[in-house]
Amino acid sequence: MKAEDIQPWLFQVEPYEGESLSHFLGRFRRANELTPTGLGKAARLGGAVARWEKFRFNPPPSHQQLEALAIVVGVEADRLEQMLPPAGVGMKMEPIRLCAACYAESPCHKIEWQLKVMQGCDQHKLTLLSECPHCGARFKIPALWVDAWCSRCFLP
């Protein structure tokens, strides 16, 4: 057995219902102290992971790429595919948006919030927020979200 054949032991992270791939990848990386580059190398995907964390899905991830990522993150490729925008549906890469009520129920970024066709939350009938209601800072990409706090309001 060669050294490159040995898979490192990684903490598993369960995806949330409706979670965006960006948010999931950030949670997985933090749990395993990986950079986007490190995760890309582990999955043999190069810079694709960093692009996906920023909602850059052009071209969209192939099933083969999702299979490679699935091996590393321990989540089936079909489940990872559900974290992507539906085929043919446009994305708003900026601003990052969220429904405050949904986020209070489950602190994760949902892919549906970034779809161009979404103006508000269908479940709560609320307008999607693109900045922190406390300090007014625009939300960072979901892969960078930590502990359900605005990056500017959080004081360690």
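Quick caveat: nothing in here was measured; it's all calculated off a predicted structure.
Ring geometry, Y16 versus H23: the interplanar angle falls from 30° to 60°, so the pair is classed tilted. Using bins of under 30°, 30° to 60° and over 60° for the plane-to-plane angle, the ring pair W145/Y103 lands in the perpendicular bin.
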Inset, instruction - Mind running side-chain contact (heavy atoms from CB on, under 4.5 Å) on L80 and L21 for me, showing each step along the way? - result: CA-CA 7 Å; L80 293 173; L21 184 62; 4.1 Å; yes
Inset, instruction - Please report the C-alpha distance between M91 and L115 in whole Å, then the side-chain angles of each, then the deciding distance to 0.1 Å, and finally whether the side-chain contact (heavy atoms from CB on, under 4.5 Å) criterion is met. - result: CA-CA 5 Å; M91 290 275 299; L115 303 179; 3.9 Å; yes
Inset, instruction - Determine, stepwise, if the pair Q123 / C102 fulfils side-chain contact (heavy atoms from CB on, under 4.5 Å). - result: CA-CA 8 Å; Q123 181 181 353; C102 286; 4.1 Å; yes
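The distance from the CZ atom of R30 to the CG atom of L25 is 10.5 Å, given to the nearest 0.5 Å. Here the CD atom belonging to Q65 is positioned 11.5 Å from the CD atom belonging to E81, to the nearest 0.5 angstrom. Of the inter-residue distances, the one linking H109 atom NE2 with C99 atom SG reads 11.5 Å to the nearest 0.5 angstrom. How far CD of E76 is from CG of L66: 12.5 Å, rounded to the nearest 0.5 Å.
Under a hydrophobic-cluster definition in which Ile, Leu, Val, Met, Phe, Trp and Tyr are linked whenever side-chain heavy atoms come within less than 4.5 Å, directly or via other members, V117 and L126 are assigned to different clusters. V89 and M118 fall within the same hydrophobic cluster, where Ile, Leu, Val, Met, Phe, Trp and Tyr residues are linked whenever their side-chain heavy atoms come under 4.5 Å apart, directly or through other members.
With salt bridges taken as basic N to acidic carboxylate O contacts below 4.0 Å, one links R29 and E53.
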Exercise answer: donor-acceptor pairs, residues 32-42 side-chain atoms, under 3.5 Å, sequence neighbours excluded:
| unit_1 | atom_1 | unit_2 | atom_2 | d |
| --- | --- | --- | --- | --- |
| N32 | OD1 | F11 | N | 2.5 |
| N32 | ND2 | F11 | O | 3.0 |
| N32 | ND2 | F28 | O | 3.0 |
| T35 | OG1 | T37 | N | 3.4 |
| T35 | OG1 | G38 | N | 2.8 |

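Looking only at distances, no side-chain donor or acceptor of R56 sits under 3.5 Å from a matching main-chain atom of A50. A donor-acceptor pair under 3.5 Å links the side-chain atoms of Q119 to the main chain of K116, judged by distance alone. In this structure, the side chain of R97 does not engage the main chain of K92 through any donor-acceptor pair within 3.5 Å. Side chain of S22 to main chain of K54: no donor-acceptor pair is present (N/O by atom type, distance under 3.5 Å, no hydrogens or angles).
Closest heavy-atom contact between F24 and V75: CZ-CG2, 3.7 Å.
With a 4.5 Å cut-off on side-chain heavy atoms, R79 and P15 count as touching. Side-chain contact between R138 and E94: absent, with no pair of heavy atoms (C-beta onward) separated by less than 4.5 Å. Side-chain contact check for L84 versus W52: every heavy-atom pair is 4.5 Å or farther apart. With a 4.5 Å cut-off on side-chain heavy atoms, D78 and H63 count as touching. Side-chain atoms of I96 and W113, non-hydrogen and from C-beta on, never get closer than 4.5 Å to each other. Looking at heavy atoms from C-beta onward, L45 lies out of side-chain contact with V72 at the 4.5 angstrom threshold. Between S20 and Q114, the closest side-chain pair of non-hydrogen atoms is not below 4.5 Å.
Other residues, nucleotides and ligands contribute more than 12 heavy atoms inside 6.0 Å of the CD atom of E105.
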